[in-house]
2 protein chains.
Amino acid sequence: MAYKIKFDNFFSYAFSLDCVIFGYEKGMIHALLIKRAMKPFMGDWAIPGDLVYPDEDLSSAASRILTELTKVEGVKLHPGQTFGKPDRHPQGRVITNAYFALVRKDDVHAVADSWAEEVNWLPIRDIPQLAFDHNEIIESTFELLCQKLKREPICFDLLPEKFTLNEMQQLYEYSFDSRLDKANFRKKIKSIPLINLNEKQFNVKHRPANLFKFNSDRYAELVEEEKYLFRM
Amino acid sequence: MAYKIKFDNFFSYAFSLDCVIFGYEKGMIHALLIKRAMKPFMGDWAIPGDLVYPDEDLSSAASRILTELTKVEGVKLHPGQTFGKPDRHPQGRVITNAYFALVRKDDVHAVADSWAEEVNWLPIRDIPQLAFDHNEIIESTFELLCQKLKREPICFDLLPEKFTLNEMQQLYEYSFDSRLDKANFRKKIKSIPLINLNEKQFNVKHRPANLFKFNSDRYAELVEEEKYLFRM
DNA sequence: GCAAAAGTGTTTGGATTACACCCATGC
DNA sequence: GCATGGGTGTAATCCAAACACTTTTGC
């Protein structure tokens with residue numbers, strides 16, 4: 001069977017990456033968005049994303065693009081789903097992959113650069129109409145995040161370095177959209193390797209909580225020995 | 001910041017889809033492969049896959065490609081991971097997405113067509129060197145399958161329409177590479193809506209087993225009511 | 001003392017595990 | 001009868017949910 005078009009004419013698509021950056025702060029998950037100073041969808045909010053260069057590896061392209069648009073560096077981006085409806089980009093066939101990352105919101109100082117006119121964190125449950133099919137991308141990538149939160153200790157990417165157990169619980173309550181029993185939550189996380197720093201909160205008008213830290217070395221060991229499976 | 005190349009020059013990539021078809025039979029999972037009658041990698045085994053047409057939706061392209069190469073029709077393909085190393089295709093930048101499907105091996109009669117010289121089912125744990133990066137694609141898609149088997153009732157796509165509980169157990173043992181206790185397995189699956197057909201196996205030299213059927217309507221109802229979560 | 005959140009213990013019922021046992025069929 | 005797998009019951013244990021309770025801080 002012959003192709004309906006010449007082989008060489010297949011090489012007429014572009015490939016882009018969109019970087020969905022989830023940031024956590026005060027019990028809420030936000031997404032890092034940019035205001036487009038470029039056509040199409042000029043002036044609209046969008047996920048930071050751009051076209052991949054011909055010689056670029058996808059994961060390094062994702063980091064480059066994020067840095068170019070928001071000056072955010074050094075976050076670990078994970079590949080996500082692919083979006084490729086023929087008409088999703090008005091200027092041609094652009095297929096995109098949604099990379100995503102999890103960060104502590106105040107570890108990351110995003111600054112608009114390149115063709116981003118403005119950057120902003122918007123709460124994930126309150127996202128306006130975005131450019132292209134970016135609303136769909138955010139929604140389905142957020143679902144992916146929630147799946148991962150259940151099976152991998154990625155909550156510690158979102159929490160502050162030193163966190164209270166209540167902060168951890170709130171993150172899970174927010175992302176699963178449910179209430180959890182304090183005592184049971186603490187029993188459940190007993191098996192996760194946490195370091196009790198024996199430091200206290202201060203300036204709180206109630207009994208100060210202990211601060212904890214994720215023991216990622218110990219976690220790596222446990223996984224290595226196949227003696228532990230994270231599950232929430 | 002200006003692009004390092006002209007905007008129009010980004011539209012020089014091709015996008016392909018590879019269809020990883022998992023087929024189950026006699027306690028083993030196989031993948032449907034084709035022998036390439038086309039350069040590059042002519043004569044090598046590969047995952048059935050091809051380039052997406054400019055106006056084509058990804059999921060319909062996946063079905064079309066599978067049918068063109070193997071005459072297999074009507075299987076439900078799920079989107080998978082994206083593979084896009086710059087040098088993965090010798091003829092240009094081709095980014096691919098690995099769609100996958102689960103079938104009963106003997107429901108599907110694959111016949112080589114188009115530029116496929118031959119088709120064959122090969123056991124997933126015994127795949128030879130394939131074209132391109134297809135070994136990597138198979139491996140990581142098989143992992144994805146195993147993940148899904150734990151969380152979604154897709155085992156019934158692999159099992160015969162009428163199956164014995166032991167056949168079901170064997171499928172899980174094979175994909176999780178473990179042994180399960182018969183009595184406990186049966187207790188665990190008590191919550192899955194199965195229909196006992198009150199039919200027996202025949203021509204077996206032991207006590208004939210009851211045949212079961214997955215009650216997909218009941219399952220859909222339960223999911224709708226959010227009263228049930230599949231988990232193995 | 002009071003409010004507010006930290007932090008712990010107890011009970012209960014349901015699931016998971018390990019293991020033993022009986023049943024039906026072909027040869 | 002015996003080999004082979006089909007099919008079930010039980011007891012011990014673990015785990016999750018519900019809920020009550022004590023502790024420590026600021027004001």
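Note that this is a predicted model, so its numbers are computed, not measured. So you know, we letter chains A, B, ... as the sequences are listed, proteins then strands, and number each from 1.
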Between Ser140(A) and Gln81(A), a side-chain donor and acceptor under 3.5 Å: yes

Look for any protein N or O under 3.5 Å of an N or O in nucleotides 10-15 of chain D and output each such pair with its distance, or none.
{"from": "dT10(D)", "atom 1": "O4", "to": "Lys187(B)", "atom 2": "NZ", "distance (Å)": "2.7"}

For Glu199(B), is there an ion pair with Lys162(B) - N to carboxylate O distance below 4.0 angstrom? yes

Measure from CG on Leu211(A) to P on dG7(C) and round the result to the nearest Å. 9 Å

Are the side chain of Asn135(B) and the backbone of Leu130(B) linked by a donor-acceptor contact shorter than 3.5 Å? yes

Specify the separation, in whole Å, of atom CG of Asn196(A) and atom C1' of dG7(C). 12 Å

Gln201(B) atom CD is separated from dG26(C) atom P, nearest whole Å, by 12 Å

Looking only at atom types and distance, does a side-chain atom of Tyr172(B) sit under 3.5 Å from a main-chain N or O of Leu149(B), one as donor and one as acceptor? yes

So Asn120(B) and Trp45(B), side-chain hydrogen bond (donor to acceptor under 3.5 Å, both in side chains) or not? Walk me through it. CA-CA 9 Å; Asn120(B) 202 6; Trp45(B) 289 96; over 6 Å; no

In whole Å, what is the span from the CD atom of Gln169(A) to the C1' atom of dG7(C)? 12 Å

Using OP1 and OP2 only, check whether a side-chain N or O of Asn210(A) sits under 4.0 Å from dG7(C). yes

Nearest-Å distance for atom pair NZ/P, residues Lys188(A) and dA18(D): 12 Å

Rounded to whole Å, please give me the gap between CZ in Arg186(B) and C1' in dA15(C). 19 Å

Whether Glu136(A) and Lys85(A) form a salt bridge (side-chain N of Lys/Arg under 4.0 Å from carboxylate O of Asp/Glu) is what I want to check. yes

Without decimals, in angstroms, what is the distance between Lys190(B) NZ and dA15(C) P? 12 Å

What is the separation between atom NZ on Lys182(B) and atom P on dC22(C), rounded to the nearest whole Å? 14 Å

Taking the basic N atoms (NZ, or NE/NH1/NH2) and the acidic carboxylate oxygens, is any pair closer than 4.0 Å for Asp133(A) and Arg88(A)? yes

Main-chain N/O of Val72(A) paired to Thr70(A) side chain as donor or acceptor, under 3.5 Å: yes

Name the pairs: protein N/O against N/O of nucleotides 23-27 of chain D, kept only if under 3.5 Å.
{"from": "dT23(D)", "atom 1": "O2", "to": "Arg207(A)", "atom 2": "NH1", "distance (Å)": "2.7"}
{"from": "dT24(D)", "atom 1": "O4'", "to": "Arg207(A)", "atom 2": "NE", "distance (Å)": "3.4"}
{"from": "dT24(D)", "atom 1": "O2", "to": "Arg207(A)", "atom 2": "N", "distance (Å)": "3.3"}

Under a 4.0 Å threshold between the charged nitrogen and the carboxylate oxygen, would Arg179(B) count as salt-bridged to Glu173(B)? yes

Within the pair Asn166(A) and dA5(C), is there a side-chain N or O less than 4.0 Å away from OP1 or OP2? no

